[in-house]
Protein chains: 2
Amino acid sequence: MVRTKASESERESTVGKIDKIFQGAMQEFLAHGYAGASMDRVASQAGVSKATVYSHFKDKEGLFKALIHQLATEKFQNTFATLPLDGEPAVVLRTVITKALDKMMSDTQHQAFLRVLIAESGRFPELAKAWIQDIMTPTIEIFGEYLDRHPELNIPDTEATIRIVIGSMVHFMMTQEIFYGKEIMPMESDRMVDCLMHHLLRGMD
Amino acid sequence: MVRTKASESERESTVGKIDKIFQGAMQEFLAHGYAGASMDRVASQAGVSKATVYSHFKDKEGLFKALIHQLATEKFQNTFATLPLDGEPAVVLRTVITKALDKMMSDTQHQAFLRVLIAESGRFPELAKAWIQDIMTPTIEIFGEYLDRHPELNIPDTEATIRIVIGSMVHFMMTQEIFYGKEIMPMESDRMVDCLMHHLLRGMD
DNA sequence: GTCTATATCGCGATAGAC
DNA sequence: GTCTATCGCGATATAGAC
């Protein structure tokens, strides 16, 4: 008989501990960055000893890379890609953009993840490249195929257009949330959405 | 007689040393972030002893805040604001956007500065807010006044439009340079500029 | 497989000579 | 004002018992 859940009893299975280590590592690395994170605190927050952490991961670098890889593939890839993409562009595009932006603006873990990814892109170029390769490229592709399927929009350069849409949204999230711009130069998300729609539907007159 | 330049002789003036400390701190903090930076290396790269560093700055935090403040106000504020803003929109806007984007894409120090500012925005919220207050807000203001002076552009929401332009450029720089996207999904800057111009001139038909 | 205890090192910050 | 030498702490990583 195989134990199915970690919370089943006092004793923990091995995979349960690994999961707890990931949870502790997430809290620690997303809060303090790579250099600022402490392996003591990772172990403490995971509820295991430090030696146990090092028995499952080679060193701090190994744990960090494994964590970022897991978060990128399992948690934070679904900002655009999982949204429904069929129907009339004027309504579908607005729905997709609104939902994606709302999610970005409210998901503080996603924000912390991006912050750490940017911060450590110099020390860990592979992680940055993996984000481009596995997250950004497919998102642009899926979005681009939709736009190409709707030539009535008369978009001259679909890829540049998508980059403008995504870039505007990411930068808006950064200024308002990460840089605390909402306290200094507040602005409703709807205005960004309206302005982006205005751009996307430009050729339909 | 007052010594005018630091390189004048072997002995250094006090202000010369402070300047060297700032140079060392810039190299160190922009390369390793706040937590990853070492005060020993700051002193070493500045060519002074660690005690000298601490005689001019209270502690690591004080040096970091002073550095970021100096860089923000003296070095990296002039991406948009110093460009000439008068003349026919179709040519002026293209010139300004092209020059600003080229500068962002080639200035690796500016990129490192933004990376550190994002990374430490959680630990040092005042620095992030100062960036918004002293750099972003005036930029939007100046750009916005120009757009408002040209109602023939028929822009429905000038501030949202400016945020889209700036956000697209910053995000393009981040993906291509900081995330190494130029190696994986290369794209000419001109295509972004063309697409943004297409958006800005939308209402002039 | 997991723990406690420890080795070793580099860090931020300072004391005291000059 | 600047230096050398050092203190005390917390960091990563491991040894060895169970």
Side-chain angles (χ1 to χ4, degrees), chain A residues 2-3 6-68 116 119-120 123-124, chain B residues 2-3 6-68 116 119-120 123-124:
Chain A
V2 179
R3 192 186 306 272
S7 56
E8 186 172 322
S9 90
E10 262 188 2
R11 275 194 64 67
E12 288 285 352
S13 68
T14 298
V15 296
K17 294 227 165 152
I18 293 182
D19 225 55
K20 283 203 163 191
I21 292 171
F22 267 123
Q23 277 185 254
M26 185 171 74
Q27 276 198 251
E28 185 65 13
F29 281 118
L30 293 196
H32 302 103
Y34 178 76
S38 154
M39 294 296 273
D40 285 80
R41 287 197 296 262
V42 168
S44 167
Q45 286 170 4
V48 301
S49 77
K50 202 163 45 166
T52 301
V53 176
Y54 279 94
S55 79
H56 289 288
F57 300 94
K58 187 199 167 202
D59 52 16
K60 193 183 183 182
E61 262 197 44
L63 175 57
F64 181 70
K65 289 181 187 173
L67 173 76
I68 297 296
V116 172
E120 310 302 341
R123 196 193 294 258
F124 302 102
Chain B
V2 179
R3 192 186 305 273
S7 57
E8 187 173 319
S9 88
E10 262 189 1
R11 276 193 66 66
E12 287 285 352
S13 66
T14 298
V15 297
K17 293 225 165 153
I18 292 182
D19 224 55
K20 283 202 164 192
I21 292 171
F22 267 123
Q23 276 186 256
M26 185 172 73
Q27 276 197 251
E28 184 66 13
F29 282 118
L30 294 195
H32 301 102
Y34 177 77
S38 153
M39 294 296 273
D40 286 81
R41 288 196 295 263
V42 169
S44 167
Q45 287 170 4
V48 301
S49 77
K50 200 163 48 164
T52 300
V53 175
Y54 278 95
S55 79
H56 290 287
F57 300 93
K58 187 199 167 202
D59 53 15
K60 192 183 184 183
E61 264 196 43
L63 175 57
F64 181 70
K65 289 180 187 173
L67 174 76
I68 297 295
V116 172
E120 310 302 341
R123 194 193 297 255
F124 301 101

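Note on naming: letters A, B, ... go to the chains in the order of the sequence lines (proteins, then strands), and numbering restarts at 1 for each one.
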Find the distance A:M39:CE to D:dT14:P and express it as a whole number of Å.
10 Å
Distance check needed: D:dT6 C1' versus B:D40 CG, whole Å only.
13 Å
Just to verify, which of A:I21, A:D40, A:I18 counts as forming a side-chain contact (heavy atoms from CB on, under 4.5 Å) with A:V53?
A:I21
Phosphate-side-chain proximity, A:R41 and D:dG10, N/O vs OP1/OP2 below 4.0 Å:
no
Measure from CG on B:L63 to P on C:dC11 and round the result to the nearest Å.
15 Å
Atom NZ of B:K60 to atom P of C:dA13: distance rounded to whole Å?
8 Å
Give B:K17 one of three labels, base, sugar-phosphate or nothing, depending on what nucleic acid heavy atoms sit under 4.0 Å from its own.
sugar-phosphate
At under 4.0 Å, does any side-chain N or O of B:Y54 touch on OP1 or OP2 of C:dT14?
no
Specify the separation, in whole Å, of atom CD1 of B:I21 and atom C1' of C:dG12.
15 Å
Which part of the nucleic acid, if any, lies within contact of B:S49, taking any heavy atom under 4.0 Å across all strands shown: a base, the sugar-phosphate backbone alone, or nothing?
base
Round to the nearest Å and state the distance from B:F57 atom CZ to C:dG12 atom P.
15 Å
With a 3.5 Å distance limit and no angle check, can you tell me whether A:K60 reaches the backbone of A:A37 through a side-chain donor-acceptor pair?
yes
By nearest nucleotide on DNA chain D, pick out whichever of A:A51 and A:A37 is the more 5' one.
A:A37
Heavy-atom closest pair (A:R123 atom, A:A35 atom, distance to 0.1 Å) is NH2-CB, 4.1 Å
Under 4.0 Å between any heavy atoms, over every strand shown, what does A:D59 touch: base, sugar-phosphate, or nothing? Just pick one.
sugar-phosphate
Nearest listed nucleotide, side chain of B:T14, among D:dT2, D:dT12, C:dT2:
D:dT2
Which of these nucleotides, D:dT2, C:dT2, C:dG12, is closest to any side-chain atom of A:H56?
C:dT2
Would you kindly give the CG-to-P distance between A:D19 and C:dG1, to the nearest whole Å?
16 Å
note: A:E28, atom CD; D:dA11, atom C1'; distance rounded to Å ~ 12 Å
If you measure from CG on A:L67 to CZ on A:F57, what distance do you get to the nearest 0.5 Å?
8.5 Å
Can you give me the closest heavy-atom contact between B:Y34 and B:E120, atom names plus distance?
N-OE2, 3.1 Å
